[in-house]
Amino acid sequence: MSDRTSPFARDTTLHGDCDRRDAAWYIDKGVEWLLFLGGISAILFIIGIFAFITHEGMGFITTRFDAGEFFTTQYWTPSDEYDPEYGILAMLAGTASVTGLAMLTAIPFSLGAAIYIGEFAGERAREALKILVELLAAIPSVVWGFIGLSVMNPLLIALFDIPVGLNIVNAGILLGLMATPIMTSIAEDALKAVPDRYREAAEAMGATRWQVIYKVVLPAARNGLLGAVLLGVGRAFGETMVVLMATGHAINIPDSPFDAVRALTATIAAELGETTAGSDHWGALFTIGILLFVITFLINLSADLIVRGIRGK
Amino acid sequence: MVTQAPKIQVDNLTIRHGERVALRDVSLAIRPNEVFAIIGPANAGKSSFLKALNRMDLFTDKMEVAGRILFNGRDIRTLRNLYALRRRIGVVFPLPVGLPLTIYENVALGPKLAGVRERAELDAIVERCLRLAALWDEVKDRLNDYGSLLSGGQQQRLTIARALSQSPEVLILDEFSIAIDPITTMRIEDVLEQLRSELTIILASTSIQQARRLADRTAFFLDGRCIEIGDTEPLFEGGARDARTRRYLEGRFG
Amino acid sequence: MERFATTPLNRRNRRIQALLRGLFLLMTLLLILPVALILATLIVKGGPALTFDLLFSDPRLGMTAGGILPALLGTVWLVSLAMLAAAPLGVAAAIYLNEYAGDGWLTRLINLAIINLAGVPSIVHALFGVGAFVLFFGLGASILAASLTLAVMSLPVIIVTTREALAAVPMSYREACWTLGATRWQTIRRVVLPNAVPGILTGVILELSRSAGETAPIMFTGAAFFLPLLPQDVFDQTMALSLHLFVISTQVPGVPEPLPYAVALVLIGLVLMMNALSIGFRLWLRGSRRW
Ligand SMILES: Nc1ncnc2c1ncn2[C@@H]1O[C@H](COP(=O)(O)OP(=O)(O)O)[C@@H](O)[C@H]1O
Ligand SMILES: [Mg+2]
């Protein structure tokens, strides 16, 4: 390309050659490749997690594993030398009951908080309340577990006159509190996503704030709220330290909220250290891991699809 | 009149943004050292056209360009280093963009990236371009302030200084005056008057008066088509061949 | 205004509204209360044991006495290394997603992976760490393996916060830079990143504080119940504050009551301090925008 001479365009040396790729060109391409690798790392890690836990669990799955026994019996005696049994039904029940109770507390509270923060609070109060609710998420799970042991346990014993306070109620309440911040924040997003004109239209017809929320905003935010609940379920379901420390860790299909139970996650945490790599017990624990991975994957996937549904509109 | 090889020649240019067609089959040629105005209502395809000239389509999501663009006779799609093309084309946007760098860095950034290292040389470029953009006197004592914190009118002149910093062959201005005050607009028009003999200026504008004041030739775009191109004076004196152009110039349009 | 005179029905609605509003406020406050109660409990019960000696000496008598220095240092080691690994990778991923990727199927897949990575239970991360870093890559249970496990866990949050910081930089800055003939990378390095760094740091600090509290992922990958010696290099195991709290509150008999409270207080103090730092950073940031 020819350069025109002009009194103004004195410095055509700056233009460079349109046909020559300079260092900057190649650096840009190289960096793009590096960044691309970073970009797909999340995919690689998800695949990697699945691959590695499956790899460790495979020995068990291909030899000892029996789906019928695994999912429908409640006897878990992997360290029995002569007749180890691998039934996780009781742990499924334990995880489900604790998660269920957690949601029973977390859903009303997070929804109430989201409505107050999103629909009633003023600008400043909103910011402050959001930060304060987020603080719940800052407390490490092992501290929650410790609170379960040292505060909730004696409290429940005193309140309900039971011999031991490490049970579904204890862990459920703590898990509920832990799941609340994310649920509140997603629920508030969902409320915020409802266009103001809906509110204005309803208010113009003389509806009170609450009527607007109840009749207009909540139905319109339905999907986002469902997504919030699902994410909360995922959180509670996958939590480890609290259920390890506060449920009583007893293999037991509960028939009362004051029963001690054992959760899937807690079983892995409690037993992995005592098994030898490659043993059936080891493989069984990794198989539980696969199950946890698959279930949380499905929960998160559906939460995302539902939440994205509202954003897309 | 001597026929010169066109600075920029566009053949059958069609531009899409996803499904939406922004420009349909436009062909035109822009001569060296002329001021070429593109007028037309909003969404006529002016900005899309200007973006295609320095291959911004490569960096714009879903923007597709079909047809041929020759710069100094060379198809810009065959260039091995498109950054070298962009250094030859200065661009001024509708909204002023003072980069969040110091005023000095705003102007020196382009030359630095192009390889200028000498402080004295950079100083000279910065001063020359700020003077050309009629901003030097206002900012010469605070070159280390942030460019993004200047007033709108000053930022637009800073944008011009930046666009001139690599001594471009072509200066593109896309509705440069929509967000600034009339006084600054006048000052910038004066700047353009000074520059007109030095480089090729392509100007998109919704203000027909501005085109009339500045342009040697004017093209009228409407709904993605180039309706008419002509020398500015005759066109504005009622010499438009197309009825739509005449109606637009008389102000009886959207 | 007369047309809108208060009718009995209207009055009833207003009363319901006031009642519910109060109820929702109460619920919100009840969510804030636990944090205050927990802090108060820890301070009252653990405060007296929170001495200089606790922070700066080794555990003694089977961890029933002495201090927590090795655990404190271990946690610092673990989270620093984890961030050293996770931050560059996470920032790279965020830059790719925000600055390069369009919205094709690959981007959608990456987003999906990030969301799911964020939702993987921490104990599953631990299993991955054991299977991948400890066994497959032969790092053994070590500081390195535990840090890398934490790093994988931290990745999604770092990606998401970095992406937000990048997205907050106006598009017009990039375009202006491109028209100068800057490459994408030059634009990112000169204009985008400098303006996103404070936002990125906010996210990294927040994630740093979260990883400091994690227990499950480090349990089998490199953190040990008790070690008589400080680690010599990244291939040694280490004690960690979070695991130490678990151990002395569940596994060791005869621990004097205030000790676990004090350890919990140190852990939570560390985490909240970093949180506050990140919040303060965010506020300061808002005040120091350069556009
Ligand atoms: N980035 C974009 N994405 C989608 N559509 C666009 C984009 N830019 C422009 N368009 C569409 O292309 C048409 C032409 O727009 P534009 O080139 O900006 O015209 P003008 O500058 O004359 O107003 C318009 O219909 C506009 O909506
Ligand atoms: Mg335009």
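Just so you know, these numbers use all the heavy atoms, side chains as well, and skip hydrogens, waters and symmetry mates.
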### Query
Run the side-chain contact (heavy atoms from CB on, under 4.5 Å) check on C:I123 and A:E239 step by step: do they pass?
CA-CA 8 Å; C:I123 192 70; A:E239 171 49 42; over 6 Å; no
Item to complete: For the pair A:M245 and C:S249, evaluate side-chain contact (heavy atoms from CB on, under 4.5 Å) and give the outcome as yes or no after the intermediate values.
Response: CA-CA 9 Å; A:M245 297 164 84; C:S249 61; 3.5 Å; yes
(message) Pair A:W210, C:I16 - check side-chain contact (heavy atoms from CB on, under 4.5 Å), show working.
(response) CA-CA 8 Å; A:W210 166 244; C:I16 292 176; 4.0 Å; yes
side-chain contact (heavy atoms from CB on, under 4.5 Å) between A:Y116 and C:R21, worked out: CA-CA 7 Å; A:Y116 186 81; C:R21 190 194 155 114; 3.9 Å; yes
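How far CG of C:L97 is from CD1 of A:I40: 11.0 Å, rounded to the nearest 0.5 Å. Rounding to the nearest 0.5 angstrom, the gap separating the OH atom in C:Y261 from the CD1 atom in A:I147 is 7.0 Å. The structure places CG of C:L31 at 11.5 Å from CD of A:E134, a figure rounded to the nearest 0.5 Å. The CD1 atom of C:I95 lies 5.5 Å from the CG atom of A:L35; values are rounded to the nearest 0.5 Å. From A:I213, atom CD1 reaches atom CG of C:L20 across 8.5 Å, with rounding to the nearest 0.5 Å. To the nearest 0.5 Å, atom OG of residue A:S41 and atom CD1 of residue C:I110 are 8.0 Å apart.
The heavy-atom pair separating A:G38 from C:L89 by the smallest distance is CA-CD1, 4.0 Å. Between C:N275 and A:A138 the shortest heavy-atom distance is ND2-CB, 3.6 Å. Shortest non-hydrogen contact noted between C:M27 and A:G112 is SD-CA, 3.8 Å. Counting all heavy atoms, side chain and backbone alike, A:V142 lies closest to C:S242 at CG2-O, 3.6 Å. Heavy atoms only, all atoms of each residue included: A:L136 and C:P34 are closest at CD2-CB, 4.3 Å. For the pair C:S122 and A:T240, the tightest heavy-atom approach, listed with the atom from each and the gap, is OG-OG1, 3.6 Å.
Taking chain A as the reference chain and counting heavy-atom pairs below 4.5 Å, the highest number among C:P88, C:G213, C:A132, C:A141 is found for C:A132. In terms of heavy-atom pairs under 4.5 angstrom with chain A, the leader among C:L245, C:I268, C:I114, C:L243 is C:L245. Taking A:L44, A:L34, A:T296 one by one and counting their heavy-atom pairs under 4.5 Å with chain C, the maximum is reached by A:T296. Among the candidates A:E119, A:Q211, A:K29, the residue making the largest number of heavy-atom pairs closer than 4.5 Å to chain C is A:Q211. Heavy-atom pairs under 4.5 Å with chain A were tallied for C:I279, C:V120, C:L206, C:I115; the largest tally goes to C:I115. Among A:A266, A:G145, A:G234, A:S150, the residue making the largest number of heavy-atom pairs under 4.5 Å with chain C is A:S150. Most heavy-atom pairs under 4.5 Å with chain C: of the set A:T208, A:L132, A:L272, A:L292, this distinction falls to A:L272. When each of A:V133, A:T265, A:L37 is scored by its heavy-atom pairs under 4.5 Å with chain C, the top score falls to A:T265. Of the listed residues (C:A126, C:A92, C:A101), the one with the most heavy-atom contacts under 4.5 Å to chain A is C:A92. Residue with the most contacts toward chain C among A:A24, A:A125, A:S110: A:A24 (heavy-atom pairs, distance under 4.5 Å).
The contact between C:L109 and chain A is made by backbone and side chain atoms together, counting heavy-atom distances below 4.5 Å. Interface residue A:T180: only side-chain heavy atoms are found under 4.5 Å from chain C. With a 4.5 angstrom heavy-atom cutoff, A:L231 does not touch chain C via any of its atoms. Only the side chain of C:Y100 comes within contact range of chain A, with heavy atoms under 4.5 Å apart. For chain C, the nearby parts of A:P108 are the backbone and the side chain; heavy atoms of each come within less than 4.5 Å. Interface remark: C:L127 contributes backbone and side-chain atoms alike to the contact with chain A (heavy atom separation under 4.5 Å). Within the 4.5 angstrom heavy-atom criterion, no atom of A:L264 approaches chain C. With a 4.5 angstrom heavy-atom cutoff, A:I43 touches chain C via backbone and side-chain atoms both. Contact annotation for A:L135: both backbone and side-chain heavy atoms come within less than 4.5 Å of a heavy atom of chain C. At a 4.5 Å heavy-atom cutoff, the contact between A:I49 and chain C is made by backbone and side-chain atoms alike. Looking at A:I53, the atoms closer than 4.5 Å to chain C (heavy atoms on both sides) all sit in the side chain, from C-beta outward. With a threshold of 4.5 angstrom between heavy atoms, C:V91 does not approach chain A through any atom at all. For chain C, the nearby part of A:I115 is the side chain; its heavy atoms alone come within less than 4.5 Å. Contact annotation for A:W33: neither backbone nor side-chain heavy atoms come within less than 4.5 Å of a heavy atom of chain C. Residue contact with chain C, scored on non-hydrogen atoms closer than 4.5 Å, is absent for A:I290.
The aromatic rings of A:F45 and C:F128 lie perpendicular to each other, with more than 60° between the two planes, well past the 30° mark. The aromatic rings of C:F136 and A:F52 sit perpendicular to each other, their planes meeting at more than 60°, with 30° as the lower class boundary.
Two residues are said to be in side-chain contact when any heavy atoms from C-beta on lie closer than 4.5 Å; C:T215 and A:P140 fail this criterion. Inter-residue side-chain proximity for A:L129 and C:I32 is flagged as met; some heavy-atom pair is nearer than 4.5 Å. A:F120 places a side-chain heavy atom less than 4.5 Å from the side chain of C:F24. C:V130 is listed as a side-chain neighbour of A:W282, based on a closest heavy-atom distance under 4.5 Å. Looking only at side-chain heavy atoms (C-beta outward), C:E99 and A:E32 stay at 4.5 Å or farther from each other.
Judged by distance alone, with hydrogens and angles left aside, the side-chain atoms of C:Q17 form a donor-acceptor pair with the main-chain N or O of A:R209 at under 3.5 Å. For A:D28 (side chain) and C:T183 (main-chain N/O), no donor-acceptor pair under 3.5 Å exists by modelled atom type.
The neighbour count for A:R235 CZ, taken as heavy atoms of other residues, nucleotides or ligands under 6.0 Å away, does not exceed 12.
Remark: of the listed residues C:T250, C:V263, C:L42, C:I248, C:L42 is the sole one forming a side chain to side chain contact (heavy atoms under 4.5 Å, CB included) with A:F146.
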